[in-house]
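By convention here, the first residue in the shown sequence is residue 1. We count ligands from 1, going down the list as the structure has it; atoms in each ligand are counted the same way.
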Amino acid sequence: MEKQEERKHADKILSPGVKPILRVEKTSKDFSGFKALTDVSFEVQTNEIFGIAGPNGAGKSTLFNVIAGKESNQGDIFFRKKNIARFRPYKVCHMGIARTFQTPELFLSMNVYDNINVGARFGLSEKHEKQNADKIMDEVIELVGLTASKNVSAGSLDLFEKKLTTLALALVTKPRLLLLDEPLGGLSPHEIDKFVKLILHVRDELNLTVIIIEHLMNVLAEICNTLMILNSGAKICIGPPDEVLNNKEVIKVYLGEKNVKS
Ligand SMILES: Nc1ncnc2c1ncn2[C@@H]1O[C@H](COP(=O)(O)OP(=O)(O)OP(=O)(O)O)[C@@H](O)[C@H]1O
Ligand SMILES: [Mg+2]
């Protein structure tokens with residue numbers, strides 16, 4: 001990926017006057033006494049790419065589940081100034097938040113088109129959008145590059161195409177905020193490059209804000225305007241990726257105490 005190109009991208013997004021699209025305030029999640037999230041607060045600015053990283057079990061996917069209304073939580077979540085913290089998943093989706101899952105969740109016996117249709121039926125809220133569902137689906141299928149595979153059954157797709165299909169399923173709901181949970185996991189370097197370019201492309205084409213959970217720090221450093229690190233359910237650092245990746249606490253979490261320079 002061309003570094004300069006990506007930087008230009010980031011600079012464009014971080015122009016003065018950007019507004020938060022999402023504000024998470026003191027979100028906590030408890031599973032029968034086990035604290036998966038503790039008092040996590042942060043803001044995501046409109047049109048930025050906001051990265052989330054942290055060790056396995058840090059609470060990253062739980063945070064997405066909470067934002068998407070799949071898990072209840074203590075705390076508030078403001079999306080475009082409306083508190084959505086107690087909304088059910090379909091309502092959150094209708095408000096304009098869509099997500100992909102860490103493991104692609106598809107109906108394997110159904111073809112690509114019908115899978116995406118499920119997303120459209122679930123996620124499109126306005127009557128005129130429902131009436132235009134076929135057109136919206138065709139546009140999204142073309143945007144992600146699945147036109148040639150739309151009649152192929154999801155069970156026979158490779159992982160890359162499965163990920164494209166789950167991305168299309170999210171995009172067809174016409175979101176403003178897209179949550180991507182480890183979209184690059186299991187892909188080859190070439191596929192990672194293609195998928196990252198696609199994320200940037202759809203963000204620009206559809207005027208989206210993106211929150212991406214990833215383990216690949218080099219990718220996060222390249223594409224994110226802001227990076228947040230979670231560890232054991234708590235936010236330990238947030239800021240521009242360059243600063244976050246040089247933070248002592250972050251280095252300690254990833255590399256161990258002995259690698260922290262005094
Ligand atoms: N439904 C649940 N019931 C009980 N415990 C859960 C539940 N969901 C998640 N947890 C626990 O909460 C913690 C955080 O899980 P989560 O899946 O959010 O981590 P993660 O940061 O996404 O990890 P990974 O990088 O492996 O995907 C883990 O210890 C997990 O076992
Ligand atoms: Mg996870």
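Atom 31 (O) of ligand 1 is not flagged as protein-proximal [any protein heavy atom, distance under 4.0 Å]. For atom 9 (C) of ligand 1, the nearest protein heavy atom is under 4.0 Å away.
Within 6.0 Å of the NZ atom in K29, the count of heavy atoms belonging to other residues, nucleotides or ligands exceeds 12. Residue R86 qualifies as enclosed at atom CZ: its count of foreign heavy atoms under 6.0 Å is above 12. Counted within 6.0 Å of CD on Q102, heavy atoms from surrounding residues, nucleotides or ligands total more than 12; the atom is thus considered enclosed.
In the candidate list G57, S32, A53, G57 is nearest to atom 23 (O) of ligand 1, counting heavy atoms. Of the candidates F64, F34, F31, the one placing a heavy atom closest to atom 29 (O) of ligand 1 is F34.
Protein heavy atom nearest atom 25 (O) of ligand 1, with residue, atom name and distance: K60 NZ, 2.7 Å. Nearest protein heavy-atom neighbour of atom 27 (O) of ligand 1: Q102 NE2, 2.8 Å. When only non-hydrogen protein atoms are considered, atom 17 (O) of ligand 1 lies nearest to S61 CB, 3.8 Å.
Donor-acceptor pairing under 3.5 Å is lacking for the side chains of S153 and N111. Using a 3.5 Å distance cut-off with no hydrogens or angles, the side chains of E105 and T166 do not pair a donor with an acceptor. A side-chain N or O of R99 and one of N65 form a donor-acceptor pair less than 3.5 Å apart.
When each atom of ligand 1 is checked for a heavy atom of N56 under 4.0 Å away, the hits are 23 (O), 24 (P), 25 (O), 26 (O). Residue contact check: H215 has heavy atoms under 4.0 Å from atoms 25 (O) of ligand 1. Near A36, with a cut-off below 4.0 Å to any heavy atom, the atoms of ligand 1 are 12 (O). Taking every non-hydrogen atom of T62 and a distance limit under 4.0 Å, the qualifying atoms of ligand 1 come out as 9 (C), 14 (C), 15 (O), 16 (P), 18 (O). Below 4.0 Å from some heavy atom of E182 lie the following atoms of ligand 1, by number and element: 25 (O), 27 (O).
With F160 as the aromatic partner, K163 does not meet the cation-pi criteria of under 6.0 angstrom to the ring centre and within 45 degrees of the ring axis.
When every heavy atom of T100 is checked against every heavy atom of L180, the shortest pair comes out as OG1-CA, 3.4 Å. Shortest non-hydrogen contact noted between M217 and A53 is CE-CB, 3.5 Å.
At least one N/O/S atom of S61, from backbone or side chain, sits under 2.8 Å from the Mg ion (ligand 2). Not one N/O/S atom of N56, from backbone or side chain, sits under 2.8 Å from the Mg ion (ligand 2).
Side-chain atoms of N115 come within 3.5 Å of backbone atoms of F107 as a donor-acceptor pair (strictly under, hydrogens ignored). For T209 (side chain) and N47 (main-chain N/O), a donor-acceptor pair under 3.5 Å exists by modelled atom type.
At a 3.5 angstrom cut-off on N or O pairs, G54 does not count as close to ligand 1. Between A58 and ligand 1, an N or O atom pair is found at a separation short of 3.5 Å. For ligand 1, the polar-atom distance check against G59 finds a nitrogen or oxygen pair separated by under 3.5 Å.
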